[in-house]
Amino acid sequence: MTTNQVKTVGVRKKSFAQTIRFDKWKGWIYLAPALVLLLIFTIWPIYNTIRMSLLEGYTTMKDVGGATFQFGIGNFKRVLEYPGFITCLKNTILLCVLTVPISTFLALLIAVCLNAIKPLQRFLQTIFFMPYVTNSIAIGMVFAAMFNMIIGGSARPDSVGIVNNVLEFFGFEYINWINAGSEYWANIVVMVVYIVWNALPFKILILLGGLQGVNKQYYEAAKIDSTPKWRVFTRITVPLLSPMLAYVVITGFIGGFKEYSSIVGIFGESMGPVGNAYALDTMVGFIYRAIGNQEGTASAAALILFAIIFAVTMVNLYVSKKTDYTGKKSNAKKKKKAPSAAKAAKAAKPRKSINLNATVKPVIAWSIYAATLVIAIALALIFWL
Amino acid sequence: MAEIKVMKAKDMKKVSSRQKVGKVLGLTATYLFLGIMAIIVIFPFYWMISSSLKEMDEYRRAIPTLIPKVLDFANYVEVFTSEDLLLGKLFYNTLLVGVVSTFFSLIITVLSAFAFARLEFKGKNALFALLLATMMIPGELFTITNYQTINDFLGLATLGKALGNQFLITIGNWRNTYAVLIIPFLVSVFYIYLLRQNFIQIPNELYLAAKVDGTSDFKYLCKVMIPLALPTIISITILKMMGSWNSYMWPRLVANDEAHRLITNGLRTAFTNAEGVTDIPVQMAAVAVVSFPLFLVFIFLRKYIMKGVSRSGIKG
């Protein structure tokens, strides 16, 4: 009886082991459809893009025709020397540097306010999430209509657009935002307004989620000490939110460097006001226009875009790791480091000023670091030419 | 003891009355700020609907009306009957592409997520890390090569030309087909990642119990894991559908003929060719029609979108 049992168990064990061995290639079967598609549409393009970017003046047309290409970095050089590309780079960086801090700050403010109220919280939260579920081209057209002037027979346009109407209501003069002859800064302002509007819902969602996860004990402790609201914000809320802020800033920069469809939404495929086409062209726009005739250049531009996104992400991660602190521990560290010559001069209130410095740091530091990095890249590129 | 308590209560009252004023002021400011921001956020939607119901003459007024004086539905009639827009065809194309690609995408995602979450095989972790790494690369980088690929799939079109074989040429060239809008985007590493994280949370004991009962992996996947991960699957479905509703660049590049054009492209191209003054009220009506399904999704499925979005940052 006993031997029989042991035998059965033994047999079972073997079959179980067999199942596991069977599993070893079974996993690959489950993955097969995904892997085949990824191989064709993701892995091969990575290799092929690098290859094309390193073949001088590569175009598919000539390649199919049997032409051979020299190996070299001429495509990268050509991209960077091309004046249109510098415009694209400048526009992309400008939009990034403007929209990311503005939208992050506004989203943080809205999230903190939403978190502080009880009645209507749900309702307002819903409203603030609304722009997320939109078609960025379609709503871009609505924004264009809001800024658009309708020129009539007289000197003053028939209709100056609702935004200008509001400006005039407050006593300002109307501005040509996007029509023919509009100035660059006006176009940028329109783009910043639209991109920020578009970026807010995601950021509010993430930051509000983070706020609701913060341990209430910190706020209760602050209440007992009757800490002023502003200090609660800078010393408790922002530091504890720093991982979410980092996430929001990083995704903001990644999205910002790929800005394209929002500009098409407002200005159309000409990427600029009438008579000044491509004034607002971006990196992605540049790449798309090179597809189909100059694959080598397009590949080089795409790799440059990837390099920038990668660098910005890495710097952001590095900075957020440095400033992501668990309250007192790193404060204490900074306090110890602080008494330098300059700060000793303020001996009267050294503690307060240093602490404030340390606590506002996360938000400001990211913006500054990111902005410097972006500007540094831009300068390096321009000087290199 | 009692005295101390009374003293404390008195002090508390003093402090609290001073605080109360501050609190009320603070709350008022908070609501005011939120109210203004909410109005700014929602205004474009309002302006879209309001403009779409105006006649052009009313729209052109120097001082615009916030509420249309005469509700004019002619703009909507024009949108649905316009030769420029062909809305019915655009809706059909977009829905077809959206539904088919979501269906196959879900199958592939579920199978892959299951493999990564439950099955053991050599190189699993390395492969998963590799896939996650590709998420960092901007999609434009793939587009360049994918554009070549779909023009000459696996070199079949070139081969067909060399052999004079029409069949091979047709198979190799995917331009202006539905396939080209569906197949390249069937696999999303992000969705696989999302679902895998959800699958992993399902206790392993359930899997082992099913194994002991002799349930096959596939049956276990269908009967246990999919129902348990249904909220995530719904999130993925919505995001994917929204993705095809909003996709612009790839369709414009590879399938911009009238037979296969998708809604966003139709919308943009229908009004960029118009010379001179664009009829903005009609344009706004078209935008409203295109946005309407998204509003429905927003109203009824907001919860799922928020859940999916809060882990991503990807639109569609």
Side-chain angles (χ1 to χ4, degrees), chain A residues 23-24 26-28 30-31 33-34 37-38 40-42 44-45 48-49 60 64 110 113-114 116-117 124 127-131 133-135 137-139 141-143 145-146 150 158-159 162 165 202 205-206 209 251 258 261 264 268-269 284 287-288 291-292 295 298-299 302 305-306 309-310, chain B residues 30-31 33-34 37-38 41-42 44 47-48 51 60-62 64 108 111-112 114-115 119-122 124 134 136-138 140-149 158 184 186-187 192 245-246 248-249 253 264 267-268 272 277 280 283-284 287 290-291 294 297-298 302 305-306 309-310 313:
Chain A
D23 279 354
K24 267 179 188 165
K26 200 165 165 186
W28 292 100
Y30 275 79
L31 279 174
L37 286 169
L38 280 171
I40 298 173
F41 293 109
T42 303
W44 159 246
N48 192 40
T49 306
T60 318
V64 172
I110 292 172
C113 286
L114 273 177
I117 61 169
L124 285 168
I127 285 188
F128 283 121
F129 189 64
M130 236 169 130
V133 192
T134 52
N135 184 320
I137 302 261
I139 299 296
M141 288 158 84
V142 177
F143 270 77
M146 285 165 58
I150 300 176
D158 278 3
S159 157
I162 183 73
N165 288 131
F202 171 68
L205 184 71
I206 300 287
T251 49
K258 299 203 286 185
S261 61
V264 173
E269 293 266 302
V284 172
I287 294 169
Y288 278 135
I291 290 176
E295 280 79 5
S299 303
L305 176 65
F306 171 61
I309 289 178
F310 187 76
Chain B
T30 309
Y31 273 106
F33 171 71
L34 285 177
M37 288 313 290
V41 161
I42 214 158
W47 194 244
M48 166 182 86
S51 303
R60 283 177 76 122
R61 279 193 197 174
I108 293 173
L111 290 178
S112 320
F114 179 69
L119 301 179
E120 289 301 327
F121 56 93
K122 228 180 191 174
K124 182 172 92 166
T134 62
M136 269 199 69
I137 299 169
E140 289 70 31
L141 200 144
F142 305 129
T143 309
I144 306 166
T145 302
N146 287 345
Y147 181 73
Q148 294 180 339
T149 307
T158 316
L186 279 184
V187 187
I192 294 176
W245 195 259
N246 293 336
Y248 175 73
M249 203 50 223
L253 214 56
T264 312
L267 190 65
R268 188 69 260 187
T272 32
V277 181
I280 289 176
Q283 191 183 1
M284 290 302 106
V287 170
V290 170
S291 304
L294 291 172
V297 167
F298 176 75
R302 192 171 57 242
I305 307 174
M306 284 172 141
V309 167
S310 58

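Excluded from the calculations below are hydrogen atoms, water molecules and symmetry mates; all remaining heavy atoms, backbone and side chain alike, are included. Naming convention: chains lettered A, B, ... in sequence-line order (proteins, then strands); numbering from 1 in each chain.
Across all non-hydrogen atoms, the minimal contact from A:Cys113 to B:Phe33 is SG-CD2, 3.7 Å. Residues B:Ala115 and A:Gly27 share a closest heavy-atom pair of CB-O, 3.8 Å.
Atom-to-atom distance recorded for B:Leu253:CG and A:Ile291:CD1 is 5.0 Å, nearest 0.5 angstrom. Taken to the nearest 0.5 Å, the NZ atom of A:Lys26 stands 6.5 Å off from the CG atom of B:Leu119. Rounding to the nearest 0.5 Å places OG1 of A:Thr49 at 4.0 Å from CG of B:Leu141. B:Arg61 CZ to A:Ile150 CD1: the interatomic distance, rounded to the nearest 0.5 Å, is 13.0 Å. Residue B:Gln148 holds its CD atom at 7.5 Å from CH2 of A:Trp44, rounded to the nearest 0.5 Å.
The part of B:Thr149 that comes within reach of chain A is its side chain, from C-beta onward, which places non-hydrogen atoms under 4.5 angstrom from that chain. For a residue to count as touching a neighbouring chain, one of its non-hydrogen atoms must lie under 4.5 Å from one of that chain's; by this rule B:Ile280 touches chain A with the side chain only. With a 4.5 Å cut-off on non-hydrogen atoms, B:Val41 touches chain A through its backbone and its side chain both. Contact annotation for B:Tyr248: only side-chain heavy atoms (C-beta onward) come within less than 4.5 Å of a heavy atom of chain A. Interface remark: A:Phe129 contributes backbone and side-chain atoms alike to the contact with chain B (heavy atom separation under 4.5 Å). For A:Leu124, the part lying under 4.5 angstrom from a heavy atom of chain B is the side chain only. The part of A:Asn165 that comes within reach of chain B is its side chain, from C-beta onward, which places non-hydrogen atoms under 4.5 angstrom from that chain.
With B:Thr145 contributing its side chain and A:Asn48 its backbone, the two residues share no donor-acceptor pair below 3.5 Å. A distance-only check finds no donor-acceptor pair linking the side chain of B:Arg268 to the backbone of A:Ile137 [under 3.5 Å].
Taking A:Lys258 as the reference, A:Ile254, A:Val284, A:Ile309, B:Pro138, B:Glu140 meet the side chain to side chain contact (heavy atoms under 4.5 Å, CB included) condition, with sequence neighbours excluded. B:Ser291 meets the side chain to side chain contact (heavy atoms under 4.5 Å, CB included) test with A:Ala138, A:Ile139, B:Met48, B:Val287, B:Phe295; sequence neighbours excluded.
For the pair A:Asn135/B:Leu294, a side-chain contact is recorded, criterion being any heavy-atom separation below 4.5 Å from C-beta on. Looking at B:Thr143 and A:Tyr288, their side chains come closer than 4.5 Å, going by heavy atoms from C-beta outward. You'll find the side chain of A:Met146 reaches within 4.5 Å of the side chain of B:Pro44, heavy atoms only. Side-chain contact check for B:Phe142 versus A:Phe41: every heavy-atom pair is 4.5 Å or farther apart.
Ranked by heavy-atom pairs under 4.5 Å with chain B, the list A:Leu37, A:Leu38, A:Ile162 is led by A:Ile162. Among the candidates B:Ile192, B:Val290, B:Ile42, B:Val297, the residue making the largest number of heavy-atom pairs closer than 4.5 Å to chain A is B:Ile42. Contact tally against chain A (heavy-atom pairs below 4.5 Å) for B:Ile137, B:Ile108, B:Leu186, B:Ile144: the top residue is B:Ile144.
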* Report the C-alpha distance between B:Phe298 and A:Thr134 in whole Å, list the side-chain angles of each, state the deciding distance to 0.1 Å, and finish with yes or no for side-chain contact (heavy atoms from CB on, under 4.5 Å). => CA-CA 9 Å; B:Phe298 176 75; A:Thr134 52; over 6 Å; no
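Within a 6.0 Å sphere centred on CZ of A:Phe310, heavy atoms belonging to other residues, nucleotides or ligands number 12 at most.
Considering A:Ile110, A:Ile127, A:Leu114 as possible partners of B:Met37, the one that fulfils the side-chain contact (heavy atoms from CB on, under 4.5 Å) test is A:Ile110.
Relative ring orientation between A:Tyr30 and B:Phe114 is described as tilted, the plane-to-plane angle lying within the 30° to 60° band.
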